[in-house]
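This report concerns only the one structure given below.
Small disclaimer: the values here were computed from a predicted structure and weren't measured.
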Amino acid sequence: MGSSGLFSLVPLIVFLPVAGLLINMIFGGRLSEKTIGAIASAATGLAFVIAVLLGVALWTGSGETVVVPFADWIHIGDLNVAWNFRVDTLSVLMMLVVSGVGTLIHIYAIGYMHEDVRFKHDIPRYRRFFVFMNLFIAMMMILVSGDSYLMLFVGWEGVGLCSFLLIGFWYDMDTLGRPSFANSNAAKKAFITNRIGDFGFLIAGFTMFWWFKSLNFGDVFSMATTIPAGVILFITIFLLVGVAGKSAQIPLFVWLPDAMAGPTPVSALIHAATMVTAGVYLVARSAPLYTLAPQAQTTVALVGGITALFAATIAVGQYDIKKVLAYSTISQLGFMVAAVGMGAFVAGMFHLVTHAFFKALLFLSAGSVILGMERGHHHLAHQEGHGSPESADREHRQQELSDSGHLEEVFDPGDMRNMGGLRKQMPVTFWLYLIGALALAGIFPLAGFWSKDEILADAFQKFPAVYWLLTIAAFLTAFYMGRQVWMVFFGKPRHAVAEKAEESPKVITVPLMVLAALAILGGALNLPGIHTLTSWLEHTIAGVEAGEFNFLVAGLSTGLALLAIFLSWLLYERQPLAEGQKDPLKKLLGPVFTVFERKYWVDEFYWAVFVNRYVDIARFLANVIDGRFWHDFVHEKVIAGTYNWLSRTVLDLGVDRHFIDAIANGLGELTKRISTSLRRLQNGFVRSYALAVLLGVVVIVGYLLLK
């Protein structure tokens, strides 16, 4: 098959994950857990193979965009949207990241979910998890491969649905396996917040169709220069609203930390390589529009820079191992959004790719830590000896809850204050986590150093204000990652469970090793002087330029990162945190740390200003409008009351008795009299009937004669 023939394989990147989920849905009930996981992983892995083949076809060809028709879709009036696949260097890059990292996460999930469903005593959910994961990959592939904004929006909404299903996977229990609505509430929060952002996307889409009479990328981009600048600004600003929802930017970032309610593979899939990067991809895909709207670019860059710093400060004050990474993800997405907002599309996409490597590594390594703590907890409960390991574990949880009386005091395997010294119990996970942390901190020569510094260099030249926002955020990133590593892996165990923690099996650690290798070597994608990624993307995004390596920016950011790590060492390793000890940073910063720890009370503000007011309006509509007005007044008083009044009036005036009954009785009496008269004709004598017949004949004959 020639390179041109390879493009015809592009529909398989969607249909292979769909085939995997259908097989597990239909036959999974009779398959083992390993087989279910293998099918789901193979479906995603084969999609990665297809993406590689598409990349080879573009590489060996001219690199020009290829549109592969698949089916007619919508044809209503002026709206004509075909279901076509767009194969270009940008879409293939996203396909490779989504399917490649997604495959590693699927393999990891085989081992993780095997233990997770047992810790939560619900083994049958294992199959459902992989069905949802394959569906997520399929929807993400639709998003990145579509040839129109409408097809992109289908995938956009699809990943929103899948995030709802996966975040709320344990919808009837909390992270400790106790009955709770916490996870389902987190799923609803993510879903509703994203719908707010999607409203902006829809407004932009409607405006786009009104002016362009098309939603196809080719038509929109070719006509963009003929559309009034104000319209382009309007479209790009409302697209930013969608980006803020999907990529968790201010003010719609609040859903992402709560999304940690999902199993750890979900956190890695959503927050590293797929859903949250969709907003960055949307801006990069819409580059021809944003380059025509400098005000929109400035707005996007500022939103990204402010979000990066804001989220980084919150991460400093968190104790949950995944919550730290969640706010780190928001911060790093701010870096990407700021980059594409500044027009540094290659730098933004470069950081998207490297971030997928080291953030997936960090999330999955955090999952390995949590599982190690769960094993220690399980082992400790079993040692206390109460029958089977499952019943012992359950009884141990219940005992902790009843003794403490407070939910916060129940053992939490994800709370870093319960950890410490885990590098001895979990050495493989420790070294892998350390690689990811250093890559995220931007330490040379790991992948994060190259991609983050390329963004900082562009900001230094174009947007000084954004540069300083991102530089401070980078400093805080290195600090909170150092704080996390010292608290989790160094010092002495601060809980008996940490002393019993156990290393994860190879099905979990091997995917982490691959991601660690990518986190180390990923910077080679766009090294200074080579600019491989720049050369790749310039076929799709016109006008991209290879950024020059800025030694001043790189030196300053590296120095600040090392300083931040040193400060974290002074606070958390030189005098390791002891059990029950107050956080040293809290002593140092006082109320400022409380602000970070409480996340600036943004959730409380939203509840007070928006959610509670929405609830008040809902109650007003339910109690006053629907209850008192519609039910009590309109239905009971106006309709039912009027009917009852008329009924009583009719009875009181005797209308029913003297008029309606008289008519009915009169009809009966009339019928009786007519029947009495007619009865005389039926006397039973044959001679009377013969006489009647004769008279009838005489009358008829007479009539005929006279006529």
Smallest separation among heavy atoms of Leu12 and Pro17, with atom names: O-CD, 4.0 Å
For Ile455 versus Ala339, what's the shortest heavy-atom pair and its separation? CG1-CB, 3.9 Å
Looking at every heavy atom in both Ile235 and Phe212, which two are closest together, and how far apart are they? CD1-CE1, 3.9 Å
Residue pair Tyr600, Phe310: steps toward the ring-ring contact (aromatic ring centres under 6.0 Å, His included) verdict: CA-CA 9 Å; Tyr600 293 86; Phe310 183 77; 4.5 Å; yes
Evaluate Arg285 against Thr540 for side-chain contact (heavy atoms from CB on, under 4.5 Å), listing each step before the verdict. CA-CA 9 Å; Arg285 174 59 73 191; Thr540 301; 3.7 Å; yes
Closest heavy-atom contact between Ala190 and Ile167? CB-CD1, 3.7 Å
Could you walk me through whether Phe253 and Ile250 satisfy the side-chain contact (heavy atoms from CB on, under 4.5 Å) test, starting with their C-alpha distance in whole Å, then the side-chain angles of each, then the deciding distance to 0.1 Å, before giving a yes or no? CA-CA 6 Å; Phe253 68 93; Ile250 289 175; 4.1 Å; yes
Please check if any side-chain donor atom of Thr534 sits under 3.5 Å from a side-chain acceptor atom of Asn526, or the reverse. yes
Go through it in stages, so that I can follow the logic: the residues are Leu537 and Phe345, the test is side-chain contact (heavy atoms from CB on, under 4.5 Å), and I'd like the CA-CA distance, side-chain angles, deciding distance and then a yes or no. CA-CA 9 Å; Leu537 289 177; Phe345 298 106; over 6 Å; no
Check for a donor-acceptor pair, side chain of Trp255 on one end and backbone N or O of Asn194 on the other, with a separation under 3.5 Å. no
Is the backbone of Val553 close enough, under 3.5 Å, to the side chain of Asn550 for a donor and an acceptor to pair up by distance? yes
Are Phe70 and Phe15 an aromatic pair, judged by ring center distance below 6.0 Å? yes
The test is ring-ring contact (aromatic ring centres under 6.0 Å, His included); show your working for Phe132 and Phe136 and say whether it passes. CA-CA 6 Å; Phe132 290 166; Phe136 196 108; over 10 Å; no
Using a cut-off of 6.0 Å, state whether more than 12 heavy atoms not belonging to Trp73 lie near its atom CH2. yes
Listed by chain and number, what are the side-chain hydrogen bond (donor to acceptor under 3.5 Å, both in side chains) partners of Thr329, not counting sequence neighbours? Lys359
Atom CH2 of Trp601 with >12 non-hydrogen neighbours under 6.0 angstrom: yes
Would you say the side chain of Lys246 lies within less than 4.5 Å of the side chain of Val159, judging by non-hydrogen atoms? yes
Any donor and acceptor pair, going by atom type alone, linking the side chain of Ser328 with main-chain N or O of Val324 inside 3.5 Å? no
If you measure from CE on Met94 to OG1 on Thr89, what distance do you get to the nearest 0.5 Å? 12.5 Å
Using the salt bridge (Lys or Arg N to Asp or Glu O under 4.0 Å) rule, collect all pairs that involve residues 195-207, keeping only residues at least two apart or in two chains. Glu157-Arg195, Arg195-Asp198
Does CD in Glu548 sit with more than 12 non-hydrogen atoms of other residues, nucleotides or ligands closer than 6.0 Å? no
Less than 6.0 angstrom separating the ring centers of Tyr149 and Phe153, yes or no? no
Do you know which two heavy atoms are closest between Thr274 and Met140, and how far apart they sit? O-CE, 3.2 Å
Can you say whether the rings of His351 and His355 are parallel (under 30°), tilted (30 to 60°) or perpendicular (over 60°)? tilted
Is the CG atom of Asn612 crowded by more than 12 outside heavy atoms at less than 6.0 Å? yes
Please step through side-chain contact (heavy atoms from CB on, under 4.5 Å) for the pair Asn183 and Phe169, ending with a clear verdict. CA-CA 8 Å; Asn183 291 347; Phe169 183 75; over 6 Å; no
Which atom of Leu16 lies closest to which atom of Ala43, heavy atoms considered: O-CB, 3.4 Å
